[in-house]
Amino acid sequence: MSSTEKYVGDMPFREIADTFEKIELITSRTQMTLYLVNLFKKTPPEIIDRVVYILQGRLWPDWKGLPELGVGEKMLIKAIALATHSRESEVESLYKSLGDLGKAAESLKKKAEERAKKAVSILAFMPAKKELTVNHVYETLTRIALAQGEGSRDIKLKLLAGLLTDASPKEAKYIVRFVEGRLRVGIGDATIMDALAVVYGGGAHARPIIERAYNLRSDLGMIAKMVAEKGIEALKGIKPEVGIPIRPMLAERLSDPKEMLTKAGGKAYVEYKYDGERAQIHKKGDKIWIYSRRLENITHQYPDVVDYARRYIKADEAIVEGEIVVYDPDTGELRPFQELMHRKRKHDIHIAIKEYPVKVFLFDLLYVDGEDYTEKPLPERRAKLKEIIEETDVFQIAEYIETDNPEELEKFFLKAIEEGAEGVMVKALHRNAIYQAGVRGWLWIKYKRDYKSEMTDTVDLVVVGAFYGRGRRGGKFGALLMASYNPEKDVFETVCKVGSGFKDEDLEKLPEMLKPYMLERKHPRVVAKMEPDVWIMPALVAEIIGAELTLSPLHTCCLDVVKSGVGISIRFPRFIRWRPDKGPEDATTSQELLEMYKRQLKKIAVQ
Ligand code: ATP
C-alpha cells in the first residue's frame with residue numbers, strides 16, 4: 001500500500017511540504033512543472049482544488065471577498081512558541097538571526113522533537129503521532145480565517161498553535177510561511193496550468209482549454225477539480241457565470257494611427273480611453289457585484305454604481321464592462337485618476353460618494369440572460385449592450401466613432417485628450433473580434449497621449465529590490481530595482497533602478513510598504529544581474545517614465561535579444577505613482593518594451 005492509499009479523499013500534507021522543498025531549490029520551470037505533475041498524480045481529485053489553492057498561497061480566490069487569515073507576526077510568534085514549548089523571545093531572536101520565521105519554526109520544532117525523543121526513551125514508549133493531512137490543514141486554516149469578532153484572537157491562536165504542534169518541522173516551516181503570505185517558492189498560475197494539462201488533459205495540447213476555462217471563471221482550484229473529476233471535455237463547454245469574475249481582455253499599444261487601423265483590419269471602433277478604474281459589473285436580479293481589473297470584489301466601494309446598475313441595466317442577468325470616472329458635478333467635466341484614489345482613501349463611503357461623484361462609461365457586454373457573448377464579434381456585443389442599457393448622464397456607453405481613416409482617428413484622439421480622457425482605444429470589429437478574456441492582443445490597441453514624444457510614454461514596472469540612499473536619504477531606502485514581466489518564461493526581468501520622482505512622503509512610506517515583501521534572497525521568479533541591498537518579492541507595481549529606452553549590460557529585460565550581453569533599460573527613469581490596481585503579472589511585459597524600443601529606433605531613423 002502506498003503512503004497515500006490509506007487516506008480516502010485525502011492525502012498527507014507532507015506531500016505538499018516535500019514538493020515545496022524540492023521546488024525551492026530549483027529555478028527551471030520545466031523541472032518545477034515535473035514536481036507539480038508528480039504531486040497532482042498523487043492527489044485524489046476530491047482535494048485537488050485545495051492543493052491548488054495552497055500552491056497559490058491562498059485559501060480561495062480573492063474575488064470571493066472572504067476574510068483573510070488575520071494572523072499578524074506577533075500572533076504567529078506566540079503560536080510557534082506555544083507549539084514548541086519555547087519562549088517568545090527565543091522565537092524572536094531566532095527569527096532575527098535566520099531572517100525567516102518559517103525557518104525559525106522549523107528549527108524550534110526539531111529541538112522540541114529531540115527533547116520529546118529523550119523523554120520517550122526514559123518512558124520507553126512512544127505515543128503514535130497522527131500525520132497532518134491536506135484536509136485537516138486546509139480546514140484548520142479556514143477556521144482561523146473565518147473566526148471573526150470578539151474572542152477570535154484566542155481562537156485563531158489556539159487553532160494555529162494546535163496545527164503547528166502536530167506538524168513536522170518541515171511542515172511547520174511551510175505552514176508558517178503560508179500564514180505570513182510569503183511562500184516564496186515562486187510557483188505561478190502558468191506553471192500550475194502546465195502541470196494540470198499534463199496530468200488531466202494528456203499533454204500540452206490541453207493547456208489552452210484549461211487557460212480559457214480559467215480566464216472565464218478566475219478560480220484555478222475550481223477548474224482543477226472540474227478537470228480532475230469530469231475530464232478535459234467538461235472544460236470545453238464552460239460559460240461565464242454571473243457573480244464569478246471574468247479575466248479582463250487587454251490591449252496592445254501603438255503610436256501610429258495608420259498602423260493601428262491596418263492591424264485592426266482596416267476599419268475599427270475608436271473609443272475614448274477613460275482614465276479611471278475598470279469595473280466588471282455583474283447583475284442577477286437585484287444583486288450586483290463589481291470586480292476590479294485585478295478581480296477584487298470592489299462592490300462595497302461603489303454603492304452609487306450598484307444603484308446605477310440596478311436601475312439602468314434592463315436585463316435580469318448580465319455582465320458588462322466599463323470605466324468608473326470621477327466627474328465635477330458643477331461642470332460635468334471628467335476628473336483625473338488621482339481623484340478616484342482620493343475617494344478610495346476616504347473612510348466614510350457616504351461622504352466620499354458626495355465629494356467625488358462618478359460616472360460609468362460602458363464599453364463591453366460579456367453575458368446576458370443565459371447567453372455567452374464573449375465568443376461573439378464586437379459589433380454584436382455593442383448592439384446588445386445598447387439594447388439592455390438605459391443610457392443616462394452617469395451611466396452611458398463610451399464615446400466612440402467607427403472609422404477607417406487615420407486622420408479622423410487622430411482628430412478624435414485629440415478631442416478625447418481635450419475632454420480629459422487618456423487617449424483612445426482602437427478596437428477591431430471583424431468577424432473574429434471576440435472578447436479574448438485574459439489576453440493582451442491586437443484586437444484592442446491603445447493610443448495614449450504620451451506616445452507623441454520620445455519616452456513620455458509610461459510603463460508599469462514591478463519592484464524586485466531596494467537600495468539604501470545617501471546624503472539626505474541616508475539610512476532610508478533611496479531607490480528601487482524595477483522589472484518587467486516576461487509571460488513566456490513567467491519571470492520578472494530587471495529594467496532600471498529608479499531613484500527620482502519620489503516625493504518625501506513617498507520615501508517615508510517605503511519601509512512600511514516594502515516590509516511585508518522583503519526577502520533574504522532573490523525571488524526565484526526574478527532574473528537579475530544587479531544586486532540590490534534588499535531583495536523584494538514581486539508584488540508592487542509603479543508607473544515609471546524616462547527620457548528614452550536604451551541598451552544596458554546591467555539589466556535582464558530582453559537580454560541578448562537586440563544585442564548579445566545587453567538588455568533593454570530606461571534612461572533617467574522617474575517614479576510617477578503607485579499602481580495598486582495592478583498585480584505583478586499586469587506589469588508592462590518585456591515584449592512590449594522591445595516593441596517600444598524598436599519603434600523608438602524607427603522614429604529616430606525618420607528624423
Ligand atoms: P493602462 O496602464 O494604460 O491603464 P492597462 O494595462 O490597465 O492600461 P490596457 O489593456 O493596456 O490595460 O488598457 C485598457 C485599460 O484602459 C482597461 O483596463 C480599462 O481600465 C481602460 N479603459 C478606458 N476606457 C476604455 C475603453 N473604452 N475600452 C477598454 N478599456 C478602456
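For ligands, and for the atoms within them, numbers begin at 1 and follow the listed sequence.
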Non-hydrogen atom of Trp444 closer than 4.0 Å to ligand 1: yes
Side-chain donor-acceptor contact under 3.5 Å, Asn405 with Thr403: no
Count the heavy atoms of every other residue, nucleotide or ligand shown that sit under 6.0 Å from CD of Glu390, and state whether that count exceeds 12. yes
Name the closest protein heavy atom to atom 9 (P) of ligand 1, giving the residue it belongs to and the distance to 0.1 Å. Lys446 NZ, 3.6 Å
among protein heavy atoms, the one nearest atom 6 (O) of ligand 1 is Lys582 NZ, 2.7 Å
Show which atoms of ligand 1 fall inside a sub-4.0 Å distance from at least one heavy-atom site of Arg440. 6 (O), 9 (P), 10 (O), 11 (O)
Row check, Tyr356 ring normal vs Arg335 NZ/CZ: under 6.0 Å, within 45°: no
Atom CZ of Arg294 with >12 non-hydrogen neighbours under 6.0 angstrom: yes
Any side-chain donor-acceptor pair under 3.5 Å between Glu410 and Tyr447? yes
Out of Tyr400, Tyr272, Tyr274, the nearest non-hydrogen contact to atom 23 (C) of ligand 1 is supplied by Tyr274
Nearest neighbour in protein (non-hydrogen) for atom 27 (N) of ligand 1: Glu271 OE1, 2.7 Å
Restricting to heavy atoms, the pick from Lys273, Glu323, Lys427 nearest atom 28 (N) of ligand 1 would be Lys427
Working note: Arg577 + Phe337, criterion side-chain contact (heavy atoms from CB on, under 4.5 Å); need CA distance, chi angles, decisive distance, verdict. CA-CA 11 Å; Arg577 57 177 173 173; Phe337 174 77; 2.3 Å; yes
Nearest protein heavy-atom contact for atom 14 (C) of ligand 1: which residue, which atom, what distance? Met425 CE, 3.9 Å
Tell me which one of Phe363, Phe361, Tyr269 gets a heavy atom nearest to atom 26 (C) of ligand 1. Phe363
Shortest protein contact, atom 7 (O) of ligand 1 (heavy atom only): Arg293 NE, 2.8 Å
Please state whether Arg579 comes within less than 4.0 angstrom of ligand 1, counting heavy atoms only. yes
Residue Asp460 vicinity, atoms of ligand 1 by number, heavy atom under 4.0 Å: 2 (O)
Looking only at protein heavy atoms, which one is nearest to atom 3 (O) of ligand 1, and what is the separation? Lys448 NZ, 2.8 Å
Kindly say whether Asn486 contributes a backbone atom to a donor-acceptor pair with the side chain of Thr589 at under 3.5 angstrom? no
Please state which protein non-hydrogen atom is closest to atom 18 (O) of ligand 1 and give its distance, to 0.1 Å? Arg278 NH1, 2.8 Å
Assess Arg381 against Tyr435: is NZ or CZ under 6.0 Å from the centre of the six-membered ring, and within 45 degrees of the ring's axis? no
Evaluate the criterion side-chain contact (heavy atoms from CB on, under 4.5 Å) for residue pair Ile349 and His300; output intermediate values, then yes/no. CA-CA 9 Å; Ile349 184 69; His300 58 283; over 6 Å; no
Measuring from atom 10 (O) of ligand 1, which candidate in Pro248, Ala251, Ala398 has the nearest non-hydrogen atom? Ala251
Relative to Trp289, does Lys287 satisfy both conditions: NZ or CZ under 6.0 angstrom from the six-membered ring centre, and within 45 degrees of the ring's axis? yes
